[in-house]
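Below: one structure, written as structure tokens.
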Amino acid sequence: MCGVIGIVSNDSVNQLIYDGLTVLQHRGQDAAGIVTCEGQRLHLRKDNGLVKDVFHTRHMIKLRGSMGIGHVRYPTAGCSSSAEAQPFYVNSPYGITMAHNGNLINAEVLQHELFCTDRRHINTNSDSEVLLNVFAHELDEQGRLDISHKDIFKAIEGVHKRCQGGYAAIGLITGHGLVAFRDPNGIRPLVFGKKENEDGSTDYMVASESVALLSLGFELERDVAPGEAVYITTDGQFFSQQCHDNAALNPCIFEHVYFARPDSIIDGVSVYKARLRMGKMLAKKILREWPDNDIDVVIPIPDTSRTAALPLAYELGVKYREGFVKNRYIPRTFIMPGQSMRKKSVRQKLNAIDLEFKGKNVLLVDDSIVRGTTSKQIIQMAREAGAKKVYFASASPPVRHPNVYGIDMPSVNELLAHGRTDAEIAVKIGADHLVYQDLDDLIQAAQAGNQHIKHFDSSCFNAAYVTGNVDKDYLDALEAKRNDQAKDNCEIASSGIDAGNLSPN
């Protein structure tokens, strides 16, 4: 999972992009990058680390220009390396940079095509660089020196025909404009908005989540539709077009479970309200299947589960309490590369308030259980704090299958729920009782915000991959790349790419 942002303005955009990336920091904490366009020259800075650590004053000064894109990354495969930090760049045609959120399931086939047919070299293991080169080739095929929006949309049509998977991408075409497009299933989120200036000009912004726009004073226009592309020229002309004949909205439901910020609106659905409904649905299940429960208190595992835990406690008629204090300087453990780093960080991240646990039957609430690393340690912390019994509730169903569209749910052997019953999972994490959300209830909780969404990608729960073409051979190959051992053994590059000039000479 990653975060992308792009802005076209009459003024400098470096600070706006920086501020927007800090708002999207929850989507990726491994690396960050910004590229700006100043006339016919590009300026780039990217490296491993948080936004605040990658960009210093000396870098920001060099990021000149009134058009730019930014990216925050966490790796779903391969190394946590600055070589794979985004945006990526190709010099032909025109000089194009791109930032991408998602995963192409046919990246290896495309890479072979790019080398053998398109005569293009891929320098990293990133499917984002593959996507960039496919777009660059399709745009080059239009055969024009001075391109129009029609040429760009034609190129996007070619991208959709060749690329399979989930992708939301923003590209910068040097001296021409900014293009953003979303895969034909709309799996990964992408929104755009605008801001009217006092001088009569209009600034445009595209981002992964609406909260990034609103925090920078932009008005949310709408989501980029599945298969749609939008193009904004350097002088502020806006164009949009549907670039796929059979596009259908199948957004990733895990955005609502965990990844997106609660103050975002994705495909017309308030993430906050969806999570409230998740808590209410889960409470109804507990009352239906466990009516004689002896729960004394509901305690959320901060931060994502708070929204669901509050209505859950209300519906159960028991107290809601904050039992854990979170160290806000520790990154999100789910998106940390490598199991050893994940295990180390849980107790650094959370500290129990003993008086909320001592002598009580506690229901802990989390948004999901993926590997079980966090859940097991937190349950042990609750016992150490004096809890009499520790029950556990997940606001989402059991995660039993890999996610192939850009979320790090890798080897089935590393997914706690795969091949286990609920009772076996409870024993594994040390809970006295375990309850999961039903998938139908989860879908209903999200769908209630937008009845036009007929289907969500819920593949990590039910193995129904909306793009098709996901077979055992692909999953086995993906497992080899993404499993924790592969990440732990991966040598992390320490050098960064400094802000400098990238010009289409």
Side-chain angles (χ1 to χ4, degrees), residues 257-258 275 278-279 282-283 285-286 289-290 292-310 312-313 316 318-327 330-336 338-400 409 413-437 484:
V257 170
Y258 174 81
R275 290 176 184 167
M278 289 176 204
L282 191 55
K285 180 178 180 179
I286 292 173
E289 298 185 357
W290 190 21
D292 57 344
N293 69 80
D294 56 353
I295 300 168
D296 295 320
V297 62
V298 171
I299 294 178
I301 298 172
D303 285 320
T304 320
S305 61
R306 281 194 174 111
T307 311
L310 189 58
L312 188 153
L316 293 181
V318 301
K319 295 178 181 178
Y320 170 94
R321 290 290 186 268
E322 292 286 343
F324 294 102
V325 176
K326 181 178 180 180
N327 181 347
I330 301 294
R332 302 175 92 178
T333 52
F334 176 84
I335 60 177
M336 284 184 172
Q339 186 78 333
S340 59
M341 188 182 299
R342 242 177 256 116
K343 287 181 178 178
K344 181 180 178 181
S345 69
V346 173
R347 285 184 177 264
Q348 294 174 340
K349 183 174 74 168
L350 294 176
N351 186 58
I353 303 174
D354 291 1
L355 61 88
E356 296 296 350
F357 292 91
K358 193 170 183 179
K360 299 177 183 177
N361 298 329
V362 178
L363 176 64
L364 300 179
V365 181
D366 207 353
D367 51 78
S368 59
I369 306 172
V370 181
R371 296 167 177 86
T373 310
T374 301
S375 307
K376 183 176 182 178
Q377 291 192 58
I378 289 176
I379 289 170
Q380 183 59 35
M381 290 171 65
R383 295 195 188 282
E384 292 171 1
K388 188 163 58 175
K389 293 182 181 178
V390 182
Y391 309 128
F392 203 94
S394 168
S396 66
V399 177
R400 303 190 189 275
M409 294 176 184
N413 297 319
E414 293 169 3
L415 298 175
L416 181 66
H418 185 79
R420 292 188 176 98
T421 65
D422 291 2
E424 289 171 336
I425 296 168
V427 172
K428 198 74 176 174
I429 63 176
D432 293 299
H433 186 80
L434 172 66
V435 58
Y436 277 107
Q437 184 87 263
D484 281 326

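Side chains included, hydrogens not; waters and symmetry mates left out as well; all remaining heavy atoms used. Every value quoted in this text rests on a predicted model; they were computed, and no experiment measured them.
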For Arg275 and Thr304, run side chain to side chain contact (heavy atoms under 4.5 Å, CB included): C-alpha distance rounded to whole Å, both residues' side-chain angles, the deciding distance at 0.1 Å, then the answer.
-> CA-CA 9 Å; Arg275 290 176 184 167; Thr304 320; 3.6 Å; yes
Start with the C-alpha gap between Ile299 and Leu363, add the side-chain angles, then the distance that decides, and say whether side chain to side chain contact (heavy atoms under 4.5 Å, CB included) holds.
-> CA-CA 6 Å; Ile299 294 178; Leu363 176 64; over 6 Å; no
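Heavy-atom minimum distance, Pro300 versus Phe324: O-CD1, 3.8 Å.
Here the side chains of Gln380 and Glu384 are in contact, with some heavy-atom distance below 4.5 Å. With a 4.5 Å cut-off on side-chain heavy atoms, Phe392 and Ile379 count as touching.
The closest donor-acceptor contact from the side chain of Arg400 to the backbone of Ala417 lies under 3.5 Å. When atom types are taken as modelled, the side chain of Gln437 and the backbone of Ser396 share no donor-acceptor pair closer than 3.5 angstrom. A side-chain donor-acceptor contact under 3.5 Å links Ser305 to the backbone of Val365. A donor-acceptor pair under 3.5 Å is formed between the side chain of Lys285 and the backbone N or O of Tyr436.
For the atom pair NE2 of His433 and CD1 of Ile286, the computed distance is 7.5 Å after rounding to the nearest 0.5 Å. Separating the CD1 atom in Ile295 from the CG atom in Leu364 is a distance of 10.5 Å, to the nearest 0.5 Å. The CG atom of Asp303 lies 8.0 Å from the NZ atom of Lys349; values are rounded to the nearest 0.5 Å. Note that NE2 of His418 and CG of Asn413 are 7.0 Å apart. Values are rounded to the nearest 0.5 Å.
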Considering only distance and modelled atom types, tabulate donor-acceptor pairs under 3.5 Å from the side chains of residues 419-429, sequence neighbours left out.
unit_1	atom_1	unit_2	atom_2	d
Arg420	NH1	Leu416	O	2.8
Thr421	OG1	Glu424	N	3.1
Thr421	OG1	Glu424	OE1	3.4
Glu424	OE1	Thr421	N	2.9

Please table the atom pairs, donor to acceptor, closer than 3.5 Å between any side-chain atom in residues 350-357 and protein atoms at least two apart or in another chain.
none

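Under the rule for a side-chain contact (heavy atoms from CB on, under 4.5 Å), the partners of Asp432 that lie at least two apart in sequence or sit in another chain are Arg383, Lys389, Val390, Tyr391.
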